[in-house]
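Just below is one structure, and these are the notes that go with it.
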Amino acid sequence: MAQTGHTENSTTENTTTHHTKHSATMRRTLRREAPSTIGLLTDAQDFAAMRRYRTFTFDDHTVYLQQVEGLLKALAAQGVHTTVALFDPEDYAEFCAESGLDADTGASRSRFTAEIAAAGATVAYTGQRLSDLIPVLVSRAVRQATWEYATLLLADLGTCADCGQDIGRAAFDRASHLLTRLLEAAGPGTHHLVCSTPTENDQLLAVLHTHRDTTGPARLDSSEGAEFATVLAVAIALESRGGVVLRTSAPDSPDRVHGWRLAHGALAPLTAGEVFNAYCTDADTGEPVSPESGVEYCAGFDIGADPTEPHH
């Protein structure tokens, strides 16, 4: 009986050990399939603002960035998909105040990071250097903020007193039509488009990259297209001094730059001289800038857009 009891105890211990190891293996598998997000303080000023919190234990921005990069590599080695989001201390403080959270806790920082990641301004870590990732992340965050601001501007315009049409929606539809016609008229090649327009508080800027083969339509990122159309719609709705520049690259030929100004809901072509002046003038100082070699500055062309309806 004593021997039988000993065997039963050993069997129970072995079963428990196996179950524990199996559970640990399953948790590791689940951990690899659970994505991670890191909220990153990209510049020294934002880093300094976070040092007022006792639980934020870093005291050197360079060391902090090195530690973040080490963490990204470790997570990638474990097979964990990781994205990086831009952590803004002012937005964080506002988020905690509105949510009733204690800002001086790691849990609150983690919750805020999840919130900003859901907004979409993130960059996936694929092994690139952090010094290469940061500019992309900042650019993506700026694009997101521009799109949100432009969308709010359009939404606040309300309806036309004469026809009852939603002004923002009509302007966006018009901008989408102009963009479609411009891409069709641009022909094959790799295209880089920039739309800029002033508003009461800021200069809005949208950038769009597309490629079109000799056959088929232009290929473009849908989010970039929506952002570009939204900024162009603001220029249309506010009748501001909007402009569009198109740079086209093709094999074995110089880059071509074309330009248009927005006038009465249409893109009016600039002359070659106007395109040259716009491209070769410093926007901040007004001083001339040397033209690029291998670039032709060309007049804008007719994009064949439908005429605008009477404006209200």
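Everything quoted here is computed from the prediction, not taken from an experiment.
Atom CD of Glu239 is separated from atom OG1 of Thr197 by 11.0 Å, given to the nearest 0.5 angstrom. With values rounded to the nearest 0.5 angstrom, Thr230 atom OG1 is found 11.5 Å from Glu148 atom CD. To the nearest 0.5 Å, the span separating OG1 on Thr146 from CD on Gln203 amounts to 10.5 Å. Of the inter-residue distances, the one linking Leu86 atom CG with Thr42 atom OG1 reads 5.0 Å to the nearest 0.5 angstrom. Rounded to the nearest 0.5 Å, atoms CG (Leu101) and OH (Tyr92) are 7.5 Å apart. Remark: His81 NE2 to Thr37 OG1 distance equals 8.0 Å, nearest 0.5 Å.
When every heavy atom of Val234 is checked against every heavy atom of Ser240, the shortest pair comes out as O-OG, 4.4 Å. Closest non-hydrogen pair, Leu133 versus Ala124, comes out as CD1-O, 4.4 Å. Shortest non-hydrogen contact noted between Trp260 and Leu267 is CD1-O, 3.7 Å. Considering every non-hydrogen atom in both Gly39 and Phe87, the closest pair reads C-CB, 3.8 Å. Listed here is the closest heavy atom pair of Ala93 and Arg52: CB-NH2, 4.0 Å. For Glu224 against Arg143, the heavy-atom pair with the smallest separation is CG-NH2, 3.5 Å.
No donor-acceptor contact under 3.5 angstrom links the side chains of Ser36 and Thr82, judged on distance only. A donor atom on one side chain and an acceptor atom on the other are not found under 3.5 Å apart for His191 and Thr210.
Between Leu246 and Val257 there is no side-chain heavy-atom pair separated by less than 4.5 Å. Looking at heavy atoms from C-beta onward, Leu65 lies out of side-chain contact with Glu69 at the 4.5 angstrom threshold. Counting heavy atoms from C-beta on, the side chains of Phe95 and Asp91 never come closer than 4.5 Å. Looking at Leu262 and Arg241, their side chains never come closer than 4.5 Å, going by heavy atoms from C-beta outward. Looking at Asp255 and Thr248, their side chains never come closer than 4.5 Å, going by heavy atoms from C-beta outward. Put simply, the side chain of Met50 does not reach to within 4.5 Å of the side chain of Asp46, judged on heavy atoms. When side chains are defined from C-beta on, Leu238 counts as touching Leu157, because their heavy atoms get closer than 4.5 Å. Annotation: side chain of Arg51 is in contact with side chain of Asp59 (closest heavy-atom distance under 4.5 Å).
Between the side chain of Arg140 and the main chain of Leu137, no donor-acceptor pair closer than 3.5 Å is present. No donor-acceptor pair closer than 3.5 Å links the side chain of Asp132 to the backbone N or O of Gln128. Judged purely by atom type and a 3.5 angstrom limit, Arg174 uses its side chain to pair as donor or acceptor with the backbone of Gly265. No donor-acceptor pair under 3.5 Å is formed between the side chain of Ser139 and the backbone N or O of Pro135.
For residues 199-218, the set of pairs meeting the salt bridge (charged side-chain N to carboxylate O under 4.0 Å, His left out) definition, not counting sequence neighbours, comprises Asp213-Arg219.
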Item to check | Stepwise side chain to side chain contact (heavy atoms under 4.5 Å, CB included) test for Leu40 and Leu130 | outcome: CA-CA 10 Å; Leu40 183 64; Leu130 198 60; 4.2 Å; yes

Item to check | Test log, rule side-chain hydrogen bond (donor to acceptor under 3.5 Å, both in side chains), inputs Thr159 and Asp166 | outcome: CA-CA 4 Å; Thr159 58; Asp166 185 294; over 6 Å; no

Next on the checklist: For a side chain to side chain contact (heavy atoms under 4.5 Å, CB included) check, start with the C-alpha distance between Tyr125 and Thr83, then their side-chain angles and the critical distance, and finish with the verdict.
Outcome noted: CA-CA 6 Å; Tyr125 177 71; Thr83 55; over 6 Å; no

Next on the checklist: Set out, in order, the CA-CA distance, both residues' side-chain angles and the distance that settles side chain to side chain contact (heavy atoms under 4.5 Å, CB included) for Val68 and Leu71, then state yes or no.
Outcome noted: CA-CA 5 Å; Val68 169; Leu71 175 59; 5.6 Å; no

Next on the checklist: Phe58 vs Tyr53, test: ring pair (Phe, Tyr, Trp, His ring centres under 6.0 Å). Steps then yes/no.
Outcome noted: CA-CA 10 Å; Phe58 291 95; Tyr53 299 117; over 10 Å; no

Next on the checklist: Show, in sequence, the C-alpha distance, side-chain angles and deciding distance for Arg261 and Glu274, and conclude whether the salt bridge (charged side-chain N to carboxylate O under 4.0 Å, His left out) test is met.
Outcome noted: CA-CA 10 Å; Arg261 71 168 57 89; Glu274 289 173 325; 3.1 Å; yes

Item to check | Trace of the side chain to side chain contact (heavy atoms under 4.5 Å, CB included) decision for Thr151 with Trp147 | outcome: CA-CA 6 Å; Thr151 300; Trp147 177 77; 3.6 Å; yes

When the side chains of residues 108-119 are checked against the rest of the protein, which donor-acceptor pairs come out under 3.5 Å, sequence neighbours left out?
unit_1, atom_1, unit_2, atom_2, d
Ser108, OG, Asp102, O, 2.6
Ser108, OG, Thr105, OG1, 2.8
Arg109, NH1, Thr55, OG1, 3.0
Arg109, NH2, Thr55, O, 3.2
Arg109, NH2, Thr55, OG1, 3.4
Thr113, OG1, Arg109, O, 2.9

Ignoring hydrogens and angles, write down the donor-acceptor pairs under 3.5 Å from the side chains of residues 288-301, residues two or more places apart or on other chains.
unit_1, atom_1, unit_2, atom_2, d
Glu292, OE1, Arg247, NH2, 3.2
Glu292, OE2, Arg247, NH1, 2.9
Tyr297, OH, Glu292, N, 3.1

Solution key, residues 175-190 side-chain donor-acceptor pairs under 3.5 Å, sequence neighbours excluded:
unit_1, atom_1, unit_2, atom_2, d
Ser176, OG, Phe172, O, 2.9
His177, NE2, Asp306, N, 2.9
Thr180, OG1, Ser176, O, 2.9
Arg181, NE, Ile303, O, 3.2
Arg181, NE, Gly304, O, 3.2
Arg181, NH1, Glu184, OE1, 2.1
Arg181, NH2, Ile303, O, 3.2
Thr190, OG1, His211, ND1, 2.9

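For Arg54, there are no salt bridge (Lys or Arg N to Asp or Glu O under 4.0 Å) partners two or more places apart in sequence or in a different chain. Partners of Asp60 under the side-chain contact (heavy atoms from CB on, under 4.5 Å) rule, at least two apart in sequence or in another chain, are Thr62, Val63.
Note: the hydrophobic cluster containing Tyr64 also contains Val84 (ILVMFWY, side chain heavy atoms under 4.5 Å, direct or indirect links). In terms of hydrophobic clustering, with Ile, Leu, Val, Met, Phe, Trp and Tyr side chains grouped at heavy-atom distances under 4.5 Å, Val194 and Phe276 are assigned to different clusters. In the hydrophobic cluster analysis, where Ile, Leu, Val, Met, Phe, Trp and Tyr join through side-chain heavy atoms closer than 4.5 angstrom, Val136 is grouped together with Ile134.
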